Amino acid sequence: MPELPEVEIVKQSLDRKIKQKKIQKVIIKNRNLRFKIPMKFEESLNNRSVKKITRFSKYIILEFSNSTFCIIHLGMSGTIHLIRKHKKINTNTSFYNSPNLPFKHNHVEIYFRDIKMVYNDPRRFGFFKLIKNKKNLNEHFNHLGPEPFFRLFNIIYVYNYFKNKKKNIKNFLLDQKFVSGIGNIYASEILYLCKINPLKKAKNLSKEDCKKIIYFSKLVLKKAIKDGGSTIRNFRNVSGHSGLFQKKFNVYQREGLNCLDNNCTGIIKKKTISKRSTFFCNKCQK
DNA sequence: AAGAGGCCCTGATAGC
DNA sequence: TGCTATCAGGGCCTCT
């Protein structure tokens, strides 16, 4: 599910709805995520105020008032929902108005005064991780390359990185050590706009190719963010609604259909590259 | 060192 | 209907 744009959508909502709020209660329904949620998790978060919410690559980072952090990763199938608390009229009780979604696999529930945040992850590839201080936080991201939006992701970096590299360009777009935030969907979409064949070896890419990769990586991710991300199977924003960018896919899941470039008579092909499905035009992507 | 491959896990869908 | 096989948006680890 979640590549950089989807994670950014979630991050923006968290920023609007839980920033500066205090955690009143944490309930773990299931500790089994990629890393087991430790027993001390609840206690560590209790009474903490969420000072700041940031994102790096596909990771959401909650910063608390005592300068500790919590890194959240959504894995393949993780979703975060924010559910508003309602007061029942004429009683002292309250209830949560759940969006219309099955929630078999809720793992984490974090309660704020007026809202609860629910983390749900059927495949359990995601995680919550408590981080003691800024230094430990930085260590966590040291091995990751720049996001496409960073100034460091420039022609010199990309062109030099590709020198002598035999691996194909599709794999590099998915390689978080090279560039972080792009996933399997956007890799195909980016290469289509670049008119570069996903199997092309990185060392054979020209400077012009590299410039296109930089330009379209930014463009595709920005547009996807603007459209609220992409929903293929289960991505939902924190209110339970789908993204819209999947309607604008040029190649992803368009196997057998015509290339959308008016000047091209090609057909979109699907090919498995390193165990990941890859979509491309057989004619205009050279 | 770079690159290929396996593995973690559940659910939806396709095919028989 | 009900079984089995395949595939899914990520990332880490190991082996060569």
Side-chain angles (χ1 to χ4, degrees), chain A residues 1-10 29-37 55-60 71-80 101-107 119-129 139-145 147 160-191 198-204 220-221 224-225 227-237 242-256 270-279:
Chain A
M1 160 188 104
E3 305 182 29
L4 187 153
E6 290 73 31
V7 178
E8 173 64 19
I9 294 305
V10 172
K29 300 265 187 180
N30 184 345
R31 293 185 187 274
N32 296 316
L33 288 175
R34 194 160 102 211
F35 310 115
K36 194 156 189 145
I37 298 173
R55 179 194 57 71
F56 177 69
S57 184
K58 304 171 190 173
Y59 302 82
I60 291 168
I71 300 176
I72 305 171
H73 193 278
L74 304 178
M76 285 274 234
S77 57
T79 48
I80 288 177
L101 288 162
F103 260 6
K104 196 174 156 193
H105 293 283
N106 286 353
H107 285 81
Y119 179 78
N120 177 288
D121 188 0
R123 285 177 79 182
R124 299 198 233 142
F125 286 161
F127 64 82
F128 278 62
K129 205 170 200 176
E139 279 167 8
H140 211 274
F141 300 118
N142 270 346
H143 64 290
L144 295 176
E147 288 185 6
N160 285 337
Y161 200 97
F162 285 167
K163 271 182 191 161
N164 303 320
K165 297 288 201 303
K166 290 176 193 153
K167 206 163 65 165
N168 65 63
I169 179 59
K170 163 76 185 320
N171 274 338
F172 271 113
L173 290 185
L174 292 183
D175 183 346
Q176 308 294 304
K177 286 195 287 296
F178 164 61
V179 60
S180 62
I182 298 172
N184 198 43
I185 293 178
Y186 296 117
S188 283
E189 293 299 319
I190 290 163
L191 289 175
L199 287 168
K200 192 161 180 178
K201 288 187 170 81
K203 64 174 184 173
N204 293 336
V220 167
L221 297 186
I225 292 169
D227 277 343
S230 305
T231 298
I232 297 307
R233 355 179 87 74
N234 61 10
F235 173 70
R236 295 289 185 277
N237 64 24
S242 298
L244 293 174
F245 192 72
Q246 68 279 5
K247 295 176 195 292
K248 298 187 182 171
F249 287 164
N250 286 301
V251 287
Y252 194 83
Q253 289 189 333
R254 292 196 67 252
E255 185 185 15
K270 179 180 175 178
K271 188 174 171 59
T272 301
I273 300 177
S274 300
K275 305 249 175 196
R276 313 299 299 275
S277 57
T278 308
F279 297 82

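Computed from heavy atoms alone, side chains included, the values below leave out hydrogens, waters and symmetry copies. Small disclaimer: the values here were computed from a predicted structure and weren't measured. Here is how names work: the chains are called A, B, and so on, in the same order as the sequence lines, proteins then strands, and each is numbered from 1.
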Cation-pi check, A:Lys165 onto A:Phe172 ring (under 6.0 Å, within 45° of axis): no
Whole-Å gap separating [atom2] ([N]) and [atom1] ([X]):
X        : N      : atom1 : atom2 : answer
A:Asp175 : B:dG3  : CG    : P     : 9 Å
A:Tyr161 : B:dA1  : OH    : P     : 13 Å
A:Lys166 : C:dT16 : NZ    : P     : 19 Å
A:Gln253 : C:dC7  : CD    : P     : 14 Å
A:Lys167 : B:dA1  : NZ    : P     : 15 Å
A:Lys163 : B:dA2  : NZ    : C1'   : 18 Å
A:Asn164 : B:dA2  : CG    : C1'   : 11 Å
A:Ile71  : C:dC12 : CD1   : P     : 11 Å

Phosphate contact (C:dC7 OP1 or OP2) by A:Lys270 side-chain N/O below 4.0 Å: no
C:dA8 OP1/OP2 closer than 4.0 Å to side-chain N/O of A:Ser277: yes
Name the nucleic acid region contacted by [X], choosing base, sugar-phosphate or nothing; use a 4.0 angstrom heavy-atom cut-off, strictly under.
X        : value
A:Phe127 : nothing
A:Phe245 : nothing
A:Tyr186 : nothing
A:Lys201 : nothing

Aromatic ring pairing A:Phe178/A:Tyr161, orientation class (parallel under 30°, perpendicular over 60°, tilted between): tilted
Parallel, tilted or perpendicular: rings of A:Phe249 and A:Tyr252 (30°, 60°): perpendicular
Indicate the atoms forming the closest heavy-atom contact of [X] with [Y], along with that distance.
X        : Y        : answer
A:Ile182 : A:Lys58  : O-NZ, 3.2 Å
A:Asn120 : A:His105 : ND2-C, 3.2 Å
A:Asn168 : A:Asn171 : OD1-N, 2.8 Å
A:Val7   : A:Pro2   : CG2-CB, 3.9 Å
A:Ser57  : A:Gln176 : OG-OE1, 3.6 Å
A:Lys170 : A:Asn184 : NZ-OD1, 2.8 Å

Selected nucleotide, minimal atom distance to A:Lys58 side chain, candidates C:dG10, C:dA8, C:dC12: C:dG10
Detail all sub-3.5 Å separations between protein N/O atoms and N/O atoms belonging to nucleotides 5-7 of chain B.
{"unit_1": "B:dG6", "atom_1": "OP2", "unit_2": "A:Lys275", "atom_2": "NZ", "d": "3.3"}

Reported CD-to-OG distance for the pair A:Glu189 and A:Ser230, which is rounded to 0.5 angstrom: 8.0 Å
Whole-Å P distance, B:dG6 and C:dT6: 14 Å
Check: A:Tyr119 and A:Phe127 side chains under 4.5 Å, non-hydrogen atoms: no
SB check A:Asp121 A:Arg34 (cutoff 4.0 Å): no
Duplex segments of DNA chain B, taken as runs of at least three Watson-Crick or G-U pairs that stay under 3.5 Å: B:2-8 with C:10-16, B:10-16 with C:2-8
Protein-nucleotides 8-10 of chain B N/O pairs under 3.5 Å:
{"unit_1": "B:dC9", "atom_1": "O3'", "unit_2": "A:Arg124", "atom_2": "NH2", "d": "3.4"}
{"unit_1": "B:dC9", "atom_1": "O2", "unit_2": "A:Arg123", "atom_2": "NE", "d": "3.0"}
{"unit_1": "B:dT10", "atom_1": "OP1", "unit_2": "A:Arg124", "atom_2": "NH2", "d": "2.6"}
{"unit_1": "B:dT10", "atom_1": "O4'", "unit_2": "A:Pro122", "atom_2": "O", "d": "3.3"}
{"unit_1": "B:dT10", "atom_1": "O3'", "unit_2": "A:His105", "atom_2": "NE2", "d": "3.2"}

